[in-house]
Amino acid sequence: MPKIKKQKKDFHISSWKAWKNIEKYFKFDTLGATMKKEIIGGITTFLAMIYILSVEPAILSGSGSVTGDGTTMNYFGIFLGVCIASFASTFVMGLFANVPLALAPSMGVNVMFAVNIAGGTGANGHPPTIIGYEGALIATMISSIFFLIFSITPLRKIIINAIPEQLMIAIGVGIGFFIAYVGLSSIGWVAHTETGLPVADLGRLKDNYPQILLGTGLFLIMLLFMFMKVNGGVAICILIGTVIALIVANAGPNLAVSKEGGIFYNANFVDGGGKWEYDFNGFASNIKNTWKEFTNVEIWNKPTMYISIFILMFLNFFDATGTITTVNRQLNEAAGTDRPLSHEALIIDSGATVVGSAVGVSPMGVYVESGAGIAQGARTGFASIITSVFFLISIALFPIFKAVPGCVTGAATLFVGVMMMGSIKDLDWKKPEIAISAFFAILFMVVTYSIANGIGVLIILYVLIKTFKKEVKEVPITLWIVSLIFIAYFIAYAFIQL
């Protein structure tokens with residue numbers, strides 16, 4: 001008996017030392033972090049971005065093969081790829097960059113990947129395939145390698161530092177509007193095209209009222225929890241919404257919402273989409289088919305391939321740069337610190353897309369939903385470790401995570417977007433080069449469903465207005481170069497739409 005007691009005591013001492021070592025490694029004392037808030041923050045970030053586990057497979061699974069035989073990417077294979085890439089990149093980000101940033105396939109870019117590059121049946125008036133998902137993955141891999149090389153050198157930081165603070169604030173505000181729009185769209189307030197893109201019209205309220213009521217109700221509860229200063233309010237609401245969806249879908253299998261194509265269909269475990277099925281062969285086939293078609297001339301003899309490499313590289317750069325600097329700014333404001341953006345974070349962020357393309361997903365990037373975790377107290381990379389572990393666990397719980405309705409995750413996304421727009425008060429609206437460029441940046445991010453497009457318009461207009469005001473000397477040479485590159489980007493993007 002004494003030995004057992006001693007072993008228990010030693011176990012507790014070892015556990016205490018392990019926790020202390022973790023706190024020391026992640027600099028809890030310096031950064032004002034606590035273990036409880038890091039765990040809550042990590043879970044909150046995961047729950048806020050969980051929608052990507054269903055959205056990415058839904059978008060990419062419509063991508064046709066370059067062979068033109070009618071096959072498409074495997075749904076579970078894409079899901080598994082998202083889990084692996086998100087786990088690996090988020091874990092490395094937390095461990096080596098020590099920042100609470102989570103990574104996953106970027107929204108908006110995945111739509112372009114599936115519709116404009118890979119191609120689907122009748123997508124945007126294109127033939128069944130353009131360069132296929134195989135060509136799209138190869139283009140993603142090549143562009144990401146260039147992007148990684150670019151990030152390893154000082155060039156990426158030089159460009160970031162050349163962008164005036166007012167423009168960085170405008171980018172953050174624009175991303176806030178973009179994310180809020182994504183949330184409204186997921187809840188059901190916004191109509192969609194056949195390719196899944198939101199349009200400037202109300203959704204079919206008669207058909208969507210269950211998800212609109214649930215999503216809007218959860219968003220209002222999140223606001224209430226915020227005013228009440230409830231820790232983990234976003235995570236609590238996501239869990240509540242998921243439980244409601246499971247009850248509705250399984251308690252009443254005859255309801256329209258739980259039938260195929262219904263709002264809560266994936267939450268129906270009786271005869272719906274929530275079944276315990278795993279297709280690991282599908283994951284292997286996505287990757288195997290890509291390398292098999294590497295020498296296919298149908299990929300390399302089309303301008304789309306080369307234009308896509310160029311566009312994807314700049315989408316990666318400006319989507320990722322805009323997001324990562326915005327979230328880093330939010331982190332500093334929340335923690336009361338002035339931590340510069342680490343070079344390690346930039347390298348890991350760019351390297352994530354190399355990993356993602358290798359496992360069969362569209363370009364990766366830091367998620368602004370990381371701000372949800374920061375709002376709940378996340379301050380260090382340990383929160384990212386927690387987030388990454390949940391991505392790994394989600395592989396086994398595929399049907400459960402697939403069951404979370406878009407309206408529930410949309411409520412969290414809308415909440416994060418609203419919180420990010422707080423910086424709009426810091427913009428100098430009296431200066432036309434700031435007011436006009438910021439206005440159009442926000443507008444373009446939302447209506448074109450692309451963060452990179454908004455950043456491009458922002459920089460081009462800023463340079464032009466400064467020129468009109470005869471203040472050319474105040475514009476850094478780097479911004480002139482970037483604006484010219486963006487003009488080339490828009491020209492190239494026009495060709496890829498043909």
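Sequential numbering from 1 along the given sequence is applied to the chain's residues. The basis for the numbers below is simple: all heavy atoms, side chains too, and nothing from hydrogens, waters or symmetry mates.
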Got more than 12 heavy atoms from elsewhere within 6.0 Å of [atom1], [X]?
X	atom1	result
Phe444	CZ	no
Lys469	NZ	yes
Phe440	CZ	no

Should [X] and [Y] count as side-chain neighbours, where that means a heavy-atom distance under 4.5 Å?
X	Y	result
Ser483	Tyr462	no
Ser63	Thr72	no
Asp349	Ser151	no
Met364	Ser106	no
Lys466	Val472	no
Met313	Ile142	no
Met93	Ser388	no
Ser61	Asn74	no

- Please test Val354 against Phe147 for side chain to side chain contact (heavy atoms under 4.5 Å, CB included), starting from the C-alpha separation and ending with a verdict. CA-CA 9 Å; Val354 179; Phe147 182 34; over 6 Å; no
Establish, from distance only, whether the side-chain atoms of [X] and [Y] form a donor-acceptor pair under 3.5 Å.
X	Y	value
Tyr133	Asn289	yes
Glu293	Thr67	no
Thr45	Glu369	no

- Item | Chi angles and distances behind the ring pair (Phe, Tyr, Trp, His ring centres under 6.0 Å) call for Phe280, Phe76 | CA-CA 7 Å; Phe280 290 100; Phe76 178 76; 5.3 Å; yes
Interatomic distance, [X] atom [atom1] to [Y] atom [atom2] [nearest 0.5 angstrom]:
X	Y	atom1	atom2	result
Ile434	Leu427	CD1	CG	7.5 Å
Phe87	Leu103	CZ	CG	13.0 Å
Ser86	Met49	OG	CE	5.5 Å
Leu443	Leu458	CG	CG	12.5 Å
Tyr306	Ile131	OH	CD1	9.5 Å
Ile347	Leu148	CD1	CG	7.5 Å

- Task: Check step by step if side chain to side chain contact (heavy atoms under 4.5 Å, CB included) holds for Glu433 and Leu461.
- Result: CA-CA 7 Å; Glu433 66 269 24; Leu461 281 177; over 6 Å; no
- Apply side chain to side chain contact (heavy atoms under 4.5 Å, CB included) to the pair Met305 and Ile138, showing each step before the final yes or no. CA-CA 9 Å; Met305 179 64 179; Ile138 293 169; 3.5 Å; yes
Is a side-chain donor or acceptor of [X] paired with a backbone partner of [Y] at a separation under 3.5 angstrom?
X	Y	value
Asn332	Arg339	yes
Ser370	Ala102	yes
Ser384	Val99	yes
Asn98	Gly381	yes
His343	Thr153	no

Can you name the nearest heavy-atom pair linking [X] to [Y], along with the distance?
X	Y	value
Phe113	Pro363	CD1-CD, 4.3 Å
Val190	Tyr181	CG1-OH, 3.6 Å
Val457	Ala441	CG1-N, 4.5 Å

- Message: Show every salt bridge (Lys or Arg N to Asp or Glu O under 4.0 Å) that has at least one partner inside residues 158-178, sequence neighbours left out.
- Response: Glu165-Arg329
- Item | Among Thr90, Val327, Asn328, Leu331, side chain to side chain contact (heavy atoms under 4.5 Å, CB included) partner for Leu101 | Val327
- Query: Does the separation of the ring centres of Phe294 and Trp300 fall below 6.0 angstrom?
  - Reply: yes
- Is the distance between the ring centroids of Phe390 and Phe46 less than 6.0 Å? yes
- Item | With sequence neighbours excluded, residues passing side chain to side chain contact (heavy atoms under 4.5 Å, CB included) with Ile442 | Val173, Phe177
- Intermediate values then yes/no, side chain to side chain contact (heavy atoms under 4.5 Å, CB included), Leu53 and Phe391: CA-CA 9 Å; Leu53 293 177; Phe391 273 113; 4.1 Å; yes
